[in-house]
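Below is one structure; the comments refer to it alone.
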Amino acid sequence: MNRRIFMSVHECEEDLLGVVKAVRQQGLKIVDIYTPYPVHGLDRAAGFGPSRLPWICFVLGLLGAGLKVWFEFWTTAQDWPINVGGKPWDSLPAFIPVTFEVMVLFAGVGTVIALFIATPLYPGKKAVTPFARTTDDRFALLLEEEDATFDPDQVRMLCERYNAVRVEEREEKY
Amino acid sequence: MPVTVGAINTAAVSGIPAASEGENYTLVLYPKVGLGDGRHAYNSWLQELPDPVTKVTWDNYACLSVAAARELGVEQGDVLRIAAGGSDESSTLELPAYIQPGQHDKVVAVAMGYGQVSSARFVDAGPEWILRRPTVGDNGLVGKNAAPLLSLEGGGLRYIRPGVSVSKTGRKTELACTQTHHTITVPAELATADTLRRPIVQETTLAAFLKDPHSGQHHFHVFEGDLYPAEDHPYTGHRWMMAIDLTSCSGCSACVVACQVENNVPVVGRDEVLRRRDMQWMRIDRYYSGEGDEVDVIHQPMLCQHCENASCENVCPVLATVHTDEGLNAQVYNRCVGTRYCANNCAYKVRRFNWFNYLHEDEVENLVLNPDVSVRSRGIMEKCSFCVQRIQEAKIEAKRHGEPLADGAVKPACQQSCPMQAIVFGDANNPDSQIAKLIQSPRQFRVLEEINVRPSVHYLTLVRNRTEEEGSVHHG
Amino acid sequence: MGKKITTYVLLLGIALGVLGFFVATAGFHLPGNNQDYEPTQPIAFSHRLHAGELQIDCNYCHFGAEQSRHAGIPPANVCMNCHKFVTAPLGAIQAEDKLATKENRPPKKVVSTEIAKIYDALALDSEGKPDPAKQPKPIEWVKIHNVPDFVYFDHRAHVNAGVDCQKCHGNVGTMEVVRQVETLAMGWCVNCHREVNKIGVNGKAVQASQNCTTCHY
Amino acid sequence: MADVQTGLRKPWILGDKSLTQVSQDICGILERKPTAMWWTAFLISLSVLAVGAAATIYQVATGIGTWGLNKTVGWAFDITNFVFWIGIGHAGTLISAILFLFRQRWRTSVNRAAEAMTIFAVICAALFPLIHMGRPWLFFWVFPYPNFRGPLWINFRSPLVWDFFAISTYFTISAVFWYIGLIPDLATIRDRAKPGIRRRIISFFSMGWDGSYRSWIRYEIVYLLLAGLATPLVVSVHTIVSWDFATAIIPGWHTTIFPPYFVAGAIFSGFAMVLTLMIIARKVMGLEDYFTLRHIDAMCKIIIVTGSIVGLAYLTEFFVAAYSSNPYEQFVFINRALGPFAWAYWTMVTCNVISPQLLWFKSVRSCIPMVFILTIVVNIGMWFERFVIVVTSLHRDYLPSSWADYSPTLIEILTLLGSFGLFFSAFLLFCRFLPVIAMAEVKGILSYGKSTGHTETSKELESSTKPGHAKAPVGERELEGASA
């Protein structure tokens with residue numbers, strides 16, 4: 001299925017924030033925004049929902065810590081208990097450091113992998129930027145022309161009010 | 001138990017001339033403990049055996065008293081020329097000085113048994129690497145032969161020669177010493193008065209001991225209770241322990257050699273001893289206590305203490321040193337990766353590390369390797385095992401014959417060779433054993449008891465045969 | 001067309017390569033693991049015949065196992081306890097007997113080539129009499145069950161505890177040529193020690209030590 | 001939003017840069033040929049590394065006896081270097097993570113280089129526990145993997161095992177953090193690069209980053225999570241390293257003060273090293289506008305604080321020893337100050353406690369050569385701190401019979417030098433091939449502290465001009481953009 005995309009390119013973050021707020025007020029559907037750096041407040045302005053990655057991080061951390069405590073207990077107290085320096089079989093305080101490290105390792109690496117899957121990002125992936133300079137100094141706002149009520153000319157005027165340096169319409173498969 | 005001391009036969013020493021006056025010294029030649037008159041000079045074990053008093057290996061030296069050294073302006077290691085009159089080469093000897101507290105001020109003492117042709121075989125002793133220094137001296141031999149300075153008098157050899165002159169040559173050599181701090185006290189400038197003497201040896205006098213068998217004991221803050229549940233590690237079978245009687249120990253070092261022979265402990269050569277890497281599992285710590293030249297000597301055999309709460313075990317990352325259920329601190333050579341953490345964390349510094357591939361240097365030694373003990377390669381920690389190979393053998397034999405293990409059936413090499421029977425080893429869980437009784441002795445103490453590592457090696461207070469109750473005994 | 005052939009050749013090559021890899025690595029053992037070691041011995045001694053068919057007790061030849069750390073390789077004298085008289089397979093002797101009857105002469109002593117090697121080692125002639133021209137020399141048996149030098153295994157302790165020889169050496173009585181059946185890895189030893197502490201050895205309760213110093217010193 | 005906070009604050013980035021100028025400045029370094037200075041520095045580092053590698057190979061081939069260790073002093077240069085490098089490695093994650101959580105904007109100029117420094121320092125550090133082993137080829141025994149020994153596991157009670165986990169986790173998380181931070185910048189470089197092999201490689205590693213805001217949201221969250229995880233991690237790592245000593249029974253090691261003391265020391269030395277590197281880098285690569293005197297000033301202040309904490313720790317150690325009435329403990333500290341290694345002890349005190357006090361003076365903080373020298377002095381001092389802790393505690397412990405001295409061999413000294421060679425070689429390569437300054441982050445703070453002129457102008461336009469006011473330039477840019 002094809003859809004029509006309306007793109008407006010801006011030069012600075014204030015213009016972008018302004019135009020995003022304005023199009024949201026008009027009830028237009030934002031497909032995506034391309035920025036060279038994370039613009040603060042844009043997520044709220046664009047109405048993008050919060051990420052669920054913190055939950056993944058939390059669960060993985062718990063999993064890592066739990067597995068490690070169990071593993072340390074199992075190896076030193078159950079599988080092959082060996083008397084080391086008269087310490088009890090289950091030397092829980094001595095297990096804390098490694099448990100903590102494994103928790104951080106699981107949570108950190110797991111979250112990053114989750115990010116790569118969710119975004120998605122992977123080595124060798126071909127980048128599809130709507131406009132070449134969005135990784136340099138341009139901010140691009142992509143709107144979807146949902147139905148006939150979308151008036152390209154009116155939107156163009158709105159965008160240009162926020163110093164759009166370029167406005168463009170295109171067909172896109174999706 | 002009263003002790004009687006036999007009368008000294010003064011007639012036997014009447015022939016010794018009085019100490020010479022003025023610049024002249026009396027040269028005393030004495031046979032070396034290990035080498036004898038030199039007949040054992042080919043034996044690398046004995047060459048590397050530290051002298052019981054000076055702790056020097058691989059060399060002979062001229063012992064001077066502290067006062068004589070001060071008078072001559074001599075420091076340890078200064079090469080001295082000892083000239084015994086006469087112009088020929090054989091009547092002079094150049095040897096490094098060793099300053100010996102407690103020696104007569106007018107005596108210079110030199111060990112025999114060195115400079116033997118048979119010691120030329122040690123030219124390659126020790127590991128081969130770029131910074132190594134040779135084991136033999138400039139003459140290609142170990143030490144200098146002092147025999148030409150013997151004199152023949154009345155058909156007998158005289159080991160004492162008065163009227164020798166001692167002068168400095170200006171050269172200096174290092175002596176390969178296994179112990180470089182000689183007193184039981186720490187340097188005075190680095191201590192407060194009450195921390196000067198370390199409470200690691202208990203000693204008392206006979207008079208005080210007869211009055212109170214507990215005399216000489218230190219009263220540590222003994223650790224009450226334990227953080228850890230004791231039921232995790234009950235010692236229900238055998239519980240191997242050792243007791244060493246400091247009163248009996250004469251420092252002869254037979255145990256040191258016996259242990260080296262039994263356990264395939266390598267000989268490392270002079271350079272390695274100089275680098276403080278001697279490998280003997282058992283050492284005899286010799287401390288001087290007392291002031292100036294008036295010193296008492298303490299010999300304290302020191303070996304792995306097989307601590308119940310061994311600090312070495314906790315730190316090994318790979319479980320190469322762990323505890324057995326018979327109370328042994330096991331060192332598993334083939335598991336060791338050589339982090340040396342255990343040696344660092346040993347309060348007694350009894351762990352030995354194979355810095356190089358040591359053995360296989362000496363062909364003769366390799367012929368007498370004990371097949372019952374692994375030969376350790378480089379990068380591995382080793383230490384006293386309480387001769388666990390003998391324990392295993394005795395246990396299996398007892399089981400084979402269906403008999404309980406008798407007390408005394410296991411004798412580690414040190415105990416076996418101790419002429420004073422100062423070392424007793426056995427199963428402390430056997431109430432009839434000798435060791436079980438000794439650890440109840442009022443003289444019993446353990447070294448560094450206050451750090452709660454719970455050593456399995458017990459010592460018995462050194463009782464000096466003195467009538468005064470205090471004498472030169474210094475309490476820490 | 002040429003391209004297609006190249007593709008087929010390549011695919012075949014890959015398939016063969018993968019197959020070859022699996023064949024080559026099928027017998028892969030970690031370094032130090034000599035499982036399935038089956039060397040040729042200087043004498044084609046058959047454990048199947050002696051231990052299996054003839055039911056000779058292991059301890060008859062390997063008498064060290066009960067009394068010492070090593071089971072030991074029997075000296076050639078032990079072989080001679082029987083092979084002084086048993087010199088060849090029955091068939092060969094009967095054939096010689098037949099031949100001798102036919103030729104009307106006393107039968108010659110038949111010594112099989114393998115047994116002759118024992119005689120050779122003991123410097124005996126074919127009659128079993130000392131031969132001054134020969135020098136006695138040891139038979140160079142190849143050691144199969146070998147543990148590293150830092151492992152001190154003791155046969156005595158195991159045999160006297162009632163452990164069957166087959167537990168470690170496999171069913172030697174069925175082997176024409178002896179092969180190492182077990183890995184002899186540390187885990188294999190340890191797990192047996194754990195197991196027998198629970199179930200005993202042949203019904204007898206034992207205490208198999210799991211201390212490191214049991215084997216390593 | 002930026003207009004609210006501006007006005008009173010000074011910008012962190014000088015030169016009134018535009019967004020594309022930032023890309024131009026940072027990527028320009030990578031797009032030019034390396035300078036003669038870079039080649040000289042790189043070749044020197046590489047030669048030093050080669051010498052160190054030769055010494056290490058000789059040591060591994062011959063035996064650890066080629067070091068000056070003995071039965072009493074079992075660790076010296078090896079663990080000293082290890083703790084030293086780990087300490088250096090702490091600043092990177094601290095700047096990246098802790099300052100990120102505290103919203104310290106100045107971190108953006110230094111965090112990339114500091115993170116790279118962390119990674120290289122951790123590599124240098126991890127090398128020493130490896131080569132200090134008697135049998136380094138069996139190092140993997142420290143890892144609990146299933147095996148044919150029973151299976152025989154490892155001793156989780158050993159601080160060396162904790163170390164192993166701490167360092168590998170720290171290295172992994174730091175590397176991931178660093179790489180995550182690099183992705184948007186790699187995309188910038190990719191989109192600037194001419195087609196060719198370089199572009200293909202960068203494109204591969206940029207993971208198809210396109211600057212989509214949906215990605216940015218997740219990215220920001222992950223970055224925040226990683227910062228939140230790395231902050232306790234960075235504290236835990238040096239705490240665990242300090243437990244190598246603190247859990248031992250050797251007087252001078254066995255002390256509860258070590259964790260905070262070590263963490264403060266690590267930050268202290270790490271910041272000093274970051275400053276050393278950045279002062280060189282700003283000069284050589286012309287980054288004066290990005291790494292300004294204000295940055296140096298801020299970092300100097302942290303050095304004063306951490307240096308003073310370290311000084312306090314030295315005093316506390318003496319107090320605790322005196323208060324303990326433990327003769328062994330008391331002796332160790334008197335021996336440190338007055339014994340055979342007193343020279344090392346007083347070098348440490350001079351470099352770590354006395355010299356950073358100069359930084360109280362604004363004039364010293366703003367004199368770059370002075371700061372440069374002081375940072376090097378601090379690092380010398382921190383190396384000696386670890387040397388003093390390791391060697392003076394060991395060489396005279398409980399039994400006087402086993403007291404021994406220690407002196408390093410040539411092999412040990414060359415190994416230490418070699419680790420510096422490795423560190424600087426890696427850092428120089430990093431400067432050549434990757435952006436030294438986090439462009440995406442710097443762009444984010446460009447407007448901070450700037451006059452709000454631009455925004456006001458646009459507002460003005462919004463109200464006064466008609467839509468479609470921006471004329472001619474738009475057309476030009478449209479053409480320019482059409483090629484995308």
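Below, all heavy atoms of this structure are taken into account, side chains as well, without hydrogens, waters or symmetry copies. Chain letters run A, B, ... following the sequence lines, proteins first and then strands; every chain starts at 1.
Within the 4.5 angstrom heavy-atom criterion, only backbone atoms of C:Asp149 (N, CA, C, O) approach chain B. Of the atoms belonging to B:Asp372, heavy atoms from both backbone and side chain fall under 4.5 Å from chain C. Neither the backbone nor the side chain of C:Ser209 has a heavy atom closer than 4.5 Å to any heavy atom of chain B.
Dense packing is recorded around NZ of C:Lys117, with more than 12 heavy atoms of other residues, nucleotides or ligands lying under 6.0 Å away. Counting non-hydrogen atoms of neighbouring residues, nucleotides and ligands closer than 6.0 angstrom, the NZ atom of C:Lys167 reaches no more than 12 such neighbours. By the 6.0 Å contact criterion, CD on C:Glu38 is enclosed, its count of non-hydrogen atoms from other residues, nucleotides or ligands being greater than 12. Enclosure of atom CD in B:Glu403 by more than 12 non-hydrogen atoms of other residues, nucleotides or ligands within 6.0 angstrom is indicated. C:Lys134 NZ: more than 12 foreign heavy atoms inside a 6.0 Å radius.
Within residues 380-397 of chain B, the residues having any heavy atom under 4.5 Å from a heavy atom of chain C are, by residue number, B:Val388, B:Gln389, B:Gln392, B:Glu393, B:Ile396, B:Glu397.
Under the ring-ring contact (aromatic ring centres under 6.0 Å, His included) criterion, C:Tyr60 pairs with no residue, sequence neighbours left out. With sequence neighbours excluded, the residues that form a ring-ring contact (aromatic ring centres under 6.0 Å, His included) with C:His169 are C:His145. Every ring-ring contact (aromatic ring centres under 6.0 Å, His included) that B:Trp355 has, sequence neighbours left out, goes to B:Phe353.
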Test log, rule side-chain contact (heavy atoms from CB on, under 4.5 Å), inputs B:Asp325 and C:Asn211: CA-CA 7 Å; B:Asp325 49 25; C:Asn211 288 328; 2.7 Å; yes
Fill in: B:Arg400 vs C:Glu66, side-chain contact (heavy atoms from CB on, under 4.5 Å): CA-CA, chis, key distance, verdict
CA-CA 9 Å; B:Arg400 184 161 82 89; C:Glu66 277 180 319; 5.7 Å; no
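Chosen from C:Val151, C:Thr213, C:Asn160, C:Asp154, the residue pairing most often with chain B at heavy-atom distances under 4.5 Å is C:Thr213.
Looking only at side-chain heavy atoms (C-beta outward), C:His216 and B:Asn334 come within less than 4.5 Å of each other.
Across all their heavy atoms, B:Val373 and C:Tyr152 have their closest contact at C-OH, 3.0 Å.
With hydrogens and angles disregarded, a donor-acceptor distance shorter than 3.5 Å links the side chain of B:Ser374 to the backbone of C:Tyr217.
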